[in-house]
Novice: 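Have a look at this one before I ask anything.
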Number of protein chains: 2
Amino acid sequence: METSFSVGLNAVIVAVTGESPRVLTVQAAQPGSVADSETVALPFGPLDPISGRTMERGVRGWVREQTGLEFGYVEQLYTFGDRDRDPVGRDGGPRVLSVAYLALVREEVLAGNCRAQWLDCYDLLQWEDWRSGRPKVVDERIIPELTAWARLASTRSKRATRKERVAIAFGLDGAEWDGEKVLERYELLYEAGLVCEAMREVDPGTQPPRERARHELGRCMVLDHRRMLATALGRLRGKIKYRPVVFELLAPTFTLLQLQRVVEALAGVRLHKQNFRRLVDKGGLVEGTGSLDEYTGGRPAELFRFRRDVLRERSAPGVGLPGGTQVSRV
Amino acid sequence: METSFSVGLNAVIVAVTGESPRVLTVQAAQPGSVADSETVALPFGPLDPISGRTMERGVRGWVREQTGLEFGYVEQLYTFGDRDRDPVGRDGGPRVLSVAYLALVREEVLAGNCRAQWLDCYDLLQWEDWRSGRPKVVDERIIPELTAWARLASTRSKRATRKERVAIAFGLDGAEWDGEKVLERYELLYEAGLVCEAMREVDPGTQPPRERARHELGRCMVLDHRRMLATALGRLRGKIKYRPVVFELLAPTFTLLQLQRVVEALAGVRLHKQNFRRLVDKGGLVEGTGSLDEYTGGRPAELFRFRRDVLRERSAPGVGLPGGTQVSRV
DNA sequence: CTATATATGCTCAATTTGAGTATAATTGGA
DNA sequence: TCCAATTATACTCAAATTGAGCATATATAG
């Protein structure tokens, strides 16, 4: 009924160490792509048609094998199947489909294969970290270059559309910056040719990649892997608002500040401490263990743990962030 | 690098007619599956590796061909690839992957192929419509049978887990019913064998399907298509809270009550009229056209239209419903 | 003219937010 | 020893939002 495809699985494995969200990467060794020592890739594995009963099991399986990592939370992210995503497919080779999964792990117990390493997500998507205000790179490079790009469009209406997209994505002209619009921002940068992987599509191999890459934003990734990461970060930022997934990233017990730092790391913004506490408290997501954190530098904080049974009570138990409007049911 | 798969595309095409959410279905004629005149399927099409540059274009393409339908909003839903989803794959045949898309259309201009028909989503998922309170089928059949099923588990802890899952999914024991948990509910019914397609997995062809089907809940669908529908409805219910997707389902101008009815149809609950208006109004999502609806039966309502430019202003412009908690940014 | 039905304006208490101030319990030096 | 720095936590208070109504306006059917 339809032709055959190559199907693989990618995993965006996220952890938070201290105050930075990290993603597990491997050395890029994809044949046929622009690869150098700087270029990294997301872990990739086959979907075994025989042994993998479900795709999720498949991901868990080969990630365990390759990295020794065992994760609790996994969700399917997106299936990437555009013809141009891989030069091989573009050149008439077999088309490669990739089903990407998002996984959350508790810390970095990296065992096994040393080709894997944790990278800070914000080294790969530097314009996404607004914890100390609007990132410099946004002011100094992104806005000017995207504005220039918007002006390049052929018709008046296309210029207006581009300008508006930029404004919405980066919170210009009175629009508010929305942490979840990670993919929109990435796609703008891609279309405008500001990320190194954008070149590959136009004319692979023509320009010396190392030379240009220096001018581009952020560290480069193989194929459409940075798009996958952007998809993952956007999804995760949305999810923490209404599902208690943060706890998958934390140790079994934690202080409220640690919890806040993890949320901030993912959300990319700073939160008001007292109000954050009030909300966490009211939401009943956590309960104090009597013990205190052995701490240096201030009053010791109480250690909390996640209340698993909260899932029964509240329908949308997230850790909160500016969110959606509501309407009362009748 | 990995083996070959068959890859196809499914579309969950949703419209709202009057007060009922509808989904486009086709006559089931899948070879090898339990098919009779009652069993329907979601539209299915190939992913053409040559012509379809992106999968989304692919979907738009063959849906247009098959039904004459042109839709504005499309989003990728999920990729279904479990080995057991298709009897063919289970029996060692080629494994079939399906990438499902959710599409919203404005009304039902069904042209072309007459094997297609619109069905009420709540004929397929009858336990999801809470607009007149908790559905009878939940009280009379689902709760009793799921409770019995929970008791059947082998160990004490498994029984407790099942019981808790049921309580969370259907809003028992003080838990609140959550409209978005469509998939969780479907999966419970599936595991408990209360939907007809569940039998197929255990022992295909053994039991006379027509006989048993009469006792099962809702109209049957081919393969895992009802799971796809459940995924779609859950996603859509989530989405209307924070993105203005409802307008894809409405005529260009509409009264506020029509808007409310569409939201209610999708959400599966009734809303408080005055408060709904207040929120829509405050959200600035719509603007009045001066004209009035020609109406019979009461004071005529003003016609409104969607304000496209609202996308620039608000970061999360949905029509609202009980939603997430918030935390103030610093 | 009345009953009925819908639209739309307005009120009001309860709750939730946003943004602080105040106070408590530590550590590391002056 | 006592002060500065640092972090935790309690509490306040005005503004905004929500939940639940009541009241009034404008139609139609008889």
Side-chain angles (χ1 to χ4, degrees), chain A residues 18-19 176 241-242 253-261 263-264 267 269-304 314-330, chain B residues 18-19 176 241-242 253-261 263-264 267 269-304 314-330:
Chain A
E19 304 210 6
E176 233 183 88
K241 288 181 191 164
Y242 59 94
T253 69
F254 46 83
T255 68
L256 293 181
L257 188 60
Q258 284 168 344
L259 172 60
Q260 185 180 343
R261 292 296 178 232
V263 173
E264 289 174 338
V269 290
R270 287 256 169 252
L271 303 174
H272 184 285
K273 191 167 170 177
Q274 293 91 325
N275 292 350
F276 179 82
R277 282 151 176 280
R278 175 172 63 187
L279 211 64
V280 166
D281 194 67
K282 190 197 43 153
L285 288 165
V286 300
E287 60 188 359
T289 73
S291 48
L292 297 180
D293 191 31
E294 71 297 326
Y295 196 83
T296 67
R299 172 171 168 180
E302 186 173 2
L303 284 168
F304 289 79
R314 308 229 307 113
S315 83
V319 285
L321 276 171
T325 20
Q326 312 199 343
V327 147
S328 43
R329 282 168 59 172
V330 81
Chain B
E19 305 210 6
E176 234 185 87
K241 289 182 191 165
Y242 60 95
T253 69
F254 46 83
T255 69
L256 293 182
L257 188 59
Q258 284 168 344
L259 172 59
Q260 184 180 341
R261 291 293 179 235
V263 173
E264 289 173 338
V269 289
R270 288 256 170 253
L271 303 175
H272 184 284
K273 192 167 172 175
Q274 293 92 324
N275 292 349
F276 179 82
R277 282 150 176 282
R278 175 173 62 188
L279 210 65
V280 166
D281 195 68
K282 188 196 44 153
L285 287 165
V286 300
E287 61 190 357
T289 73
S291 49
L292 296 180
D293 190 32
E294 71 298 325
Y295 196 83
T296 66
R299 172 173 168 180
E302 186 173 3
L303 285 169
F304 289 79
R314 306 231 307 114
S315 82
V319 287
L321 276 170
T325 19
Q326 312 197 343
V327 148
S328 43
R329 279 166 61 172
V330 81

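Quick note on labels: first sequence line is chain A, next is B, and so on, each numbered from 1. The model shown is predicted, which means the values in this text are computed figures rather than measured ones.
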Novice: Of all residues at least two apart in sequence or in a different chain, which pass the ring-ring contact (aromatic ring centres under 6.0 Å, His included) check with A/Phe254?
Specialist: A/Phe247
Novice: Nearest whole Å is fine: how far is D/dA8 P from A/Asp281 CG?
Specialist: 15 Å
Novice: Quick one: is A/Lys282 getting a side-chain N or O under 4.0 Å of the C/dT17 phosphate, OP1 or OP2?
Specialist: yes
Novice: Produce a footprint string for nucleotides 21-30 of chain D: one letter per nucleotide, 5' end first; B if the base is under 4.0 Å from any protein heavy atom, S if only the sugar-phosphate is, - if neither.
Specialist: BB--BBBS--
Novice: C/dT8 phosphate, OP1 or OP2: any side-chain N/O from B/Lys273 under 4.0 angstrom?
Specialist: no
Novice: Over how many whole Å does the gap from A/Leu271 atom CG to D/dA8 atom C1' extend?
Specialist: 17 Å
Novice: Run the salt-bridge test on A/Glu19 and A/Arg270 with the 4.0 Å N-O cut-off and return the result as yes or no.
Specialist: yes
Novice: Look at the side chain of B/Arg278 and the base of D/dG19, then say whether one donor and one acceptor between them are separated by less than 3.5 Å.
Specialist: yes
Novice: Between A/Glu302 (side chain only) and A/Thr255 (backbone N and O only), is there a donor and an acceptor less than 3.5 Å apart?
Specialist: no
Novice: Without decimals, in angstroms, what is the distance between B/Leu257 CG and C/dT8 C1'?
Specialist: 12 Å
Novice: From CZ of A/Phe276 over to C1' of C/dG18, roughly how many Å is that when rounded to an integer?
Specialist: 16 Å
Novice: Rounded to the Å, how far apart are B/Leu279 CG and D/dG19 C1'?
Specialist: 12 Å
Novice: Check the distance between D/dT7's C1' and A/Arg261's CZ and give it to me in whole angstrom.
Specialist: 10 Å
Novice: Could you list the residues that satisfy side-chain contact (heavy atoms from CB on, under 4.5 Å) with B/Gln274, not counting sequence neighbours?
Specialist: B/His272
Novice: May I have the distance from A/Asp293 (atom CG) to D/dT9 (atom C1'), rounded to whole angstrom?
Specialist: 15 Å
Novice: Could you state the atom-to-atom distance from CD of A/Glu302 to C1' of D/dA10 in whole Å?
Specialist: 14 Å
